[in-house]
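Structure, as structure tokens:
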Amino acid sequence: MNDVTRLPAAEPTGRIGIVHLGLGAFHRAHQAVYLERYRQRSGDGTWGVSSANLRGGVALVDALRDADYHYHVAEYADRDHVTLREIGVIEEALFTGRDPSGQWGRDLEALLTRVASPETRIVTLTVTEKGYFLSPAEVSLLRDDPLIAHDIAYPQAPRSAPGILVEALARRRSAGVPPFTVLCCDNMPNNGQRTRAAVVQLAACRDGELAAWIEREVAFPCSMVDRIVPAMTKADFARLAELGVDDPNAVVGEAFSQWVVEDDFPLGRPAWEAEGVEMVADVAPFETMKLRMLNGSHSLLAYLGALDDIETVFDAVSRDDLVALLHRYMLREAAPTLAMPAGTDLEGYAEQLLYRFANDSLRHRLQQIAMDGSQKLPQRWLHGALARLEAGGEVPCIALGFAAWIRYTAGRDLHGNVHAIDDPLADTFALLHEAHGEDHQSLVLAFLELDAVVPPALAKHAGFAAEVVSAYRCLTTHGLDAALARLDVPT
Ligand code: NAI
Ligand code: CS2
């Protein structure tokens, strides 16, 4: 390591203006970094963060408390250049999920009190796509999901993120406190509007007037977030220990970071623009670009690579044929579907993405990206595929990716190695594989009929179905190299 920059944390202020739901790796390495930089530069101490885990992650909450809420973020430009940043802006950590003994809601009242407090002006979220309990293809609340059914039955003791937002907003409304702004930071299209839909639909199950008030009064700006922050590995901790950082709460990410936010914060916000946050009127073009080009490429690598025992994004882009596939996918299938502001250089963006994927200091496991495919594929591939086909184009890369996803959901790679399927629809996938077995055509058609995932017009597109069936056949019979060769990308 040649170049290590060490940056200490600012002093805590005890003043909390933001509550975050979803204290995961990404929150610690993205939003918290912007806020730490803002606090240090501006001296404004009013935007401390209370961060909560609603599902899993009790150990992290407790470990952060034990460390006085200080932790490190290692930002790697490459193997030789790292910035080690100490973060102190998270000033409280709470846990409201089910603890290992089966008890729910340890810090729920503390969280609800915090969110209902007039000091809280913004609530941010990174609870993953499935944490909104919306059907991925449509924007309708999954009322039958056990957690949502619980929150409908017991709205004052909520367990889901939408449930916590509804109860906190109800408390503010009855106390005459104006509502906080809800800022979704998950990788979803129109993420603010989707969050609003989940919250309003859940509120309507409890009180129509509350739902109408939320719809009218609460701001749900959209945002596009970007920084590659893989789950920590033992090797990451060992590498940090060599740099003198012995921190169980540390996270490692790339040096690159981007945040584009719709500027709609009625109760105010930090002056994020000074830290490089792009405050804009309309996030949609940037969000769609990132989801289809970056995340769409990630998912292609995830399913194709994981089927051939490739471990990480770095390993995958060390293969020329997979890089060629990404070029072709980004420039010929994703970019033509985007309507970007004048002057946006999509070829340059694609090159930059390939450069970021080749960061030799990140061990971004393909199995991590492969999880929750049912929640990710509509926005990453399927809406774009439909748009491209309707415009008379072709989508062989997406068809191959979709075939790989179907094969991946069988829980075995092309060499027979078993992997777990981490997806809310995992049981449905297992039933489909059991019912259709080796009948490739009927298996593919059954997956295309999953209307929670596949837009109906795409499912009905005979050309797309045929392309997925041939790709599936080639992939499962002849392997990855042959499936890529069939697409005419170099092997
Ligand atoms: P992580 O695995 O470290 O943390 C996941 C977080 O989501 C935890 O706080 C967990 O408690 C919460 N969660 C999961 N399911 C939930 C549910 N059903 N209800 C409530 N909370 C739930 O993952 P990480 O890296 O923090 O990523 C989280 C999300 O952040 C991603 O799904 C994505 O939308 C967004 N993101 C992540 C990036 C990354 O590179 N890690 C980059 C850009 C966005
Ligand atoms: C990845 C993203 O896990 C995934 O599905 O595609 O988390 C990706 O790393 C980020 O969106 C990068 O900003």
Side-chain angles (χ1 to χ4, degrees), residues 20-33 51-61 64 73 90 93-98 111 124-134 142 145-148 150-151 158-165 184-189 191 194-195 198 223-232 249 251-254 256-260 286-287 289-303 306 312-313 316 352-353 356-357 359 362-377 379-381 405 422-424:
H20 181 77
L21 307 183
L23 171 51
F26 182 62
H27 167 63
R28 278 175 286 157
H30 188 262
Q31 183 192 334
V33 170
S51 201
N53 262 336
L54 282 50
R55 174 178 150 154
V58 65
L60 173 62
V61 166
L64 260 182
V73 176
I90 298 179
L94 301 169
F95 179 68
T96 69
R98 187 166 53 179
L111 176 67
T124 53
L125 298 100
T126 50
V127 291
T128 80
E129 297 88 340
K130 62 187 173 299
Y132 298 84
F133 298 92
L134 292 168
L142 301 172
D145 184 282
L147 220 61
I148 293 298
H150 171 276
D151 287 2
R159 292 179 174 176
S160 71
I164 286 171
L165 292 173
C184 173
C185 299
D186 271 301
N187 278 328
M188 299 187 298
N191 57 5
R194 287 179 74 86
T195 309
S223 75
M224 179 270 246
V225 289
D226 191 8
R227 172 170 252 186
I228 296 173
V229 186
M232 290 292 284
N249 307 315
V251 268
V252 163
E254 62 179 337
F256 177 92
S257 188
Q258 188 178 14
W259 200 5
V260 188
F286 303 98
E287 178 112 63
M289 174 185 81
K290 190 238 166 182
L291 286 168
R292 292 188 186 163
M293 303 246 316
L294 187 162
N295 298 112
S297 296
H298 259 176
S299 292
L300 269 182
L301 296 181
Y303 299 116
T312 67
V313 172
Q352 185 195 40
L353 291 179
R356 289 170 59 196
F357 293 167
N359 188 322
L362 302 181
R363 303 281 308 156
H364 199 181
R365 294 182 60 251
L366 297 180
Q367 297 285 3
Q368 182 186 359
I369 300 170
M371 70 188 274
D372 289 340
S374 68
Q375 313 291 303
K376 294 175 173 175
L377 298 192
Q379 58 269 26
R380 294 181 180 206
W381 295 342
W405 172 64
D422 194 341
D423 192 299

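When a ligand or atom number is given, it counts from 1 through the structure's own listing order. Scope of the values below: all heavy atoms of this structure, side chains included, with no hydrogens, waters or symmetry mates. Each residue takes its place number in the sequence, starting with 1.
Checking each of Met224, Gln258, Arg380 against Lys290 for a side chain to side chain contact (heavy atoms under 4.5 Å, CB included) leaves exactly one that passes, namely Met224.
Distances between N or O atoms of Pro230 and those of ligand 1 include no value under 3.5 Å. For Asp186, a nitrogen or oxygen atom sits less than 3.5 Å from a nitrogen or oxygen atom of ligand 1, counting backbone and side chain alike. The distance criterion of under 3.5 Å between nitrogen or oxygen atoms is not met by Arg28 with respect to ligand 1. Distances between N or O atoms of Arg55 and those of ligand 1 include at least one value under 3.5 Å. Between Gln368 and ligand 1, a contact under 3.5 Å exists for no N or O pair. Note: an N/O pair closer than 3.5 Å links Val229 and ligand 1 by distance alone. Ligand 1 has a nitrogen or oxygen under 3.5 angstrom from a nitrogen or oxygen of Arg227.
Heavy-atom contacts of Glu129 reach the following atoms of ligand 1: 32 (O) (cutoff under 4.0 Å). Each of the following atoms of ligand 2 lies closer than 4.0 Å to a heavy atom of His364: 9 (O). Residue Gly131 approaches ligand 1 through these ligand atoms, each under 4.0 Å from one of its heavy atoms: 17 (C), 18 (N), 19 (N). Which parts of ligand 1 touch Asn53 is read off a 4.0 Å heavy-atom cut-off, strictly below it: atoms 8 (C), 9 (O), 10 (C), 11 (O). Residue Gly24 approaches ligand 1 through these ligand atoms, each under 4.0 Å from one of its heavy atoms: 3 (O), 4 (O), 9 (O), 26 (O). Short contacts between ligand 1 and Val225, defined as distances under 4.0 Å to a heavy atom of the residue, involve ligand atoms 43 (C), 44 (C). Close contacts between ligand 1 and Gly22 involve ligand atoms 9 (O) [criterion: under 4.0 Å to a heavy atom].
Atom OG of Ser299 sits about 6.0 Å away from atom NZ of Lys376, to the nearest 0.5 Å. Here the CG atom belonging to Leu362 is positioned 9.5 Å from the OG1 atom belonging to Thr312, to the nearest 0.5 angstrom.
Residue Thr126 holds the heavy atom nearest to atom 7 (O) of ligand 1 of all those in Thr126, Asn191, Leu54, Leu23. Residue nearest to atom 21 (N) of ligand 1, selected from Leu147, Val127, Asp372: Val127 (by heavy-atom distance). Taking only non-hydrogen atoms, the option from Lys376, Met371, His298 nearest to atom 6 (O) of ligand 2 is His298.
Classification of the His298-Phe357 ring pair by plane angle, with boundaries at 30° and 60°, yields parallel. Note on ring orientation: taking the six-membered ring where Trp is involved, the planes of Trp259 and His30 are perpendicular (angle over 60°, cut-offs 30° and 60°).
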(request) Test side-chain contact (heavy atoms from CB on, under 4.5 Å) on His27 and Ser51 and set out the steps. (result) CA-CA 9 Å; His27 167 63; Ser51 201; 3.0 Å; yes
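When atom types are taken as modelled, the side chain of Gln368 and the backbone of Ala231 share a donor-acceptor pair closer than 3.5 angstrom. Under a 3.5 Å cut-off, the side chain of Thr128 and the backbone N or O of Asp186 do not form any donor-acceptor pair. Asn53 places no side-chain N or O within donor-acceptor distance of the main-chain N or O of Val58, the cut-off being under 3.5 Å. Not one N or O on the side chain of Ser257 forms a donor-acceptor pair closer than 3.5 Å with the backbone of Arg227.
Considering only non-hydrogen protein atoms, atom 2 (C) of ligand 2 sits nearest to Asn295 ND2, 3.5 Å. Protein heavy atom closest to atom 7 (O) of ligand 2, with residue, atom name and distance, is Asn187 ND2, 3.8 Å. Atom 13 (O) of ligand 2 has as its closest protein heavy atom Asp226 OD1, 2.5 Å. Scanning all protein heavy atoms for the shortest distance to atom 11 (O) of ligand 2 gives Lys290 NZ, 2.6 Å.
With a 4.5 Å cut-off on side-chain heavy atoms, Phe26 and Val225 count as touching. Under the 4.5 Å side-chain criterion, counting only non-hydrogen atoms from C-beta, Leu64 is in contact with Leu23. Between Tyr132 and Met188 the shortest side-chain heavy-atom distance falls below 4.5 Å.
Contacts with ligand 2 closer than 4.0 Å are made by side-chain heavy atoms of Arg380 only, the backbone lying farther away. No part of His30 comes within 4.0 Å of ligand 1, judged by heavy-atom distances. Using a 4.0 Å cut-off between heavy atoms, Ile228 contacts ligand 1 through its backbone alone, with no side-chain atom that close.
Atom 32 (O) of ligand 1 is flagged as protein-proximal [any protein heavy atom, distance under 4.0 Å].
With no hydrogens or angles considered, a side-chain donor-acceptor pair links Gln31 and Thr124 at under 3.5 Å.
Ion pair Arg356/Asp226 flagged as a salt bridge, since at least one NZ, NE, NH1 or NH2 atom sits closer than 4.0 Å to an Asp/Glu carboxylate oxygen.
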